[in-house]
2 protein chains.
Amino acid sequence: MSEEQKWLSEDEQRAWRALMAVVVLLPGALDTQLQRDSHLSNFEYGVLAMLSEAPDRTLRMSQLATLNDSSLSRLSHVARRLEERGSIIRRQCADDRRANIATLTDEGYALVKEAAPGHVARVRELIFDRLSPKQIGELEQIGDAIRSNLDPEKRMPTYVT
Amino acid sequence: MSEEQKWLSEDEQRAWRALMAVVVLLPGALDTQLQRDSHLSNFEYGVLAMLSEAPDRTLRMSQLATLNDSSLSRLSHVARRLEERGSIIRRQCADDRRANIATLTDEGYALVKEAAPGHVARVRELIFDRLSPKQIGELEQIGDAIRSNLDPEKRMPTYVT
DNA sequence: CGGAATTACTTGAAGCGTCAAGTTACTCGG
DNA sequence: CCGAGTAACTTGACGCTTCAAGTAATTCCG
C-alpha cells in the first residue's frame, strides 16, 4: 500500500496509528480486568450497569440494546445467559405484549455494584492518569467529532462506566 | 452505579463516553466498508497490507502476528482461510524449520491494492474530515499517551491503513 | 373491520477468536 | 552429544456475535 490518490499525510498517519492502537487494545484490557475480577465481559457489565440506573432497574430489551449499541439478537443471547446466572429476569411487557422487559435481580445489582470500583479504577489508570485536564477536554472534543460521523443519530448516548 | 469512592469527574465522564463510543463503533464501521467492497475483515486487511509492504511480500507468522497485535493462534486460523482463498501461501522457513513464512500471492496483492483506496477514503471520512490540523496533533498525543499504558512494550508499531 | 405490513423479539446455524493441548524443531548446559 | 527446556507454530473445542428465519403481537389503512 503506497502510492494512492489521496493517501494520508504523515501527521494523519501517526494520529491514525495511535488511535487504532487504542481501539484495538482498550477493549481487551477492560475485558481482562472485568473478567478476572467479576467474571463479566465489558458488554455484560454495560447491560447490568444500564439496568442498575434505570427506574425499577427495568428496561425493555430494545431500549437496552440501543443503549449498549447492540443488536437485539446479541442482547437476547446475552440476556439468556445472564438470566441463567440469576443476574436478571425477563418477562413479557404488559403494555405491549410483543415486548419483553428485563429487570436486574438483587444478585445482579450486587454483582455490578461490586464490579464498579475496580472497573472505574482500571479506566482511570488506563486513560486519565496520564492525561492533563487540557487533554481530557481535547479528547472529548475529538471523540465527539468522530462519534458524530459514526453515529449520526446519537443512538449511543449514555455509555456508563 | 453512582456514589463510589473515586468516581470520574464530569469532564472525565464526558471524555470517557466519547472515547467509548469511538472504540465501540469504529471497528464495525471499518469492517462494514471493507466487507462490502472487498469481502475482507479489518483484521484480514491488516494482515494482507502488512505483507504487501514487507520485503518479498513475505513475513514470518510470528512477526505478522505481532505486527497485527494478534495471537499466533488467531493468525493461524485466519491464514488458513486466506490461503484457501488463494490470497497467501505458507511454507516452512528454511532457516528455522519450526517457523512458517507467509507470502502474499499476486491475487492477494491485487486484492489489497484494490481495497486500499476505498478503505483510506472511509478512514478520512470518518476521522479526519472534521478534525482540524491542531486536533490531529492532539489526537496523536492523546492516543500515544493511552497507548503507552495499554501496550508498554510498544508491540504494535506499524498499524497500516 | 380485516388483511398486510411492521415491530419486538427469539432461535439456530455458521463464522471467528480464544484457550488449552499437541507437534515439531531448535538450543543450551553438562 | 544428548536430554531438558523452550520456541514456533497448528489444531480442536468452546463461547460469543452475526445473520437469516421464525413467531407473535400491534398498527395501519382501505
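Note: hydrogens, waters and symmetry copies are ignored here, and every other heavy atom, side chains too, is used. Just so we're clear, the structure is a prediction, and the values are computed from it rather than from any experiment. By convention in this document, chain letters (A, B, ...) are assigned in the order of the sequence lines, proteins followed by strands, and residues within each chain are numbered from 1.
Asp106(B) places a side-chain heavy atom less than 4.5 Å from the side chain of Arg57(B).
A straight line from CG of Leu72(A) to C1' of dA21(D) spans 14 Å, rounded to a whole angstrom. Summarising the geometry, the separation between CZ on Arg97(B) and P on dT24(C) is reported as 13 Å, rounded to the nearest angstrom. Rounded to whole angstrom, the span from the CG atom of Asp69(B) across to the C1' atom of dG17(C) amounts to 13 Å. Going from atom CG of Leu64(A) over to atom C1' of dC9(C) covers 13 Å, rounded to whole Å. Distance Leu75(B) CG to dC9(D) C1': 10 Å, rounded to the nearest Å. Here the P atom of nucleotide dC16(C) and the NE2 atom of His39(B) are 13 Å apart, to the nearest Å. We find that CG of Asp31(B) is positioned 10 Å from P of dT18(D), with the value rounded to whole Å. In this structure, the NE2 atom of His77(B) is 9 Å from the P atom of dG12(D), given to the nearest Å.
Using a 4.0 Å cut-off between a side-chain N of Lys or Arg and a carboxylate O of Asp or Glu, Arg122(A) and Glu125(A) qualify as a salt bridge. Salt bridge status for Glu107(B) with Arg85(B): absent, with no side-chain N to carboxylate O gap under 4.0 Å.
Taking only side-chain nitrogens and oxygens, Asn100(A) comes nearer than 4.0 Å to OP1 or OP2 of dT10(C). Phosphate proximity of dG17(C) to Arg81(B): present, with a side-chain N or O under 4.0 Å from OP1 or OP2. The shortest distance between the side-chain N/O atoms of Ser62(B) and the OP1/OP2 oxygens of dC9(D) is below 4.0 Å.
Ranked by how close their nearest DNA chain D nucleotide is to the 5' end, Ser71(A) and Ile101(B) are led by Ile101(B). For the pair Arg90(A) and Arg98(A), nearest-nucleotide mapping onto DNA chain C gives the more 5' position to Arg98(A).
For Ser73(B), taking side-chain heavy atoms from C-beta onward, the closest of the listed nucleotides dC9(C), dG17(C), dC19(C) is dC19(C).
Note: the hydrophobic cluster containing Ile101(B) does not contain Val112(B) (ILVMFWY, side chain heavy atoms under 4.5 Å, direct or indirect links).
Aromatic ring orientation, Trp16(A) versus His119(B): perpendicular (interplanar angle above 60°, classes split at 30° and 60°).
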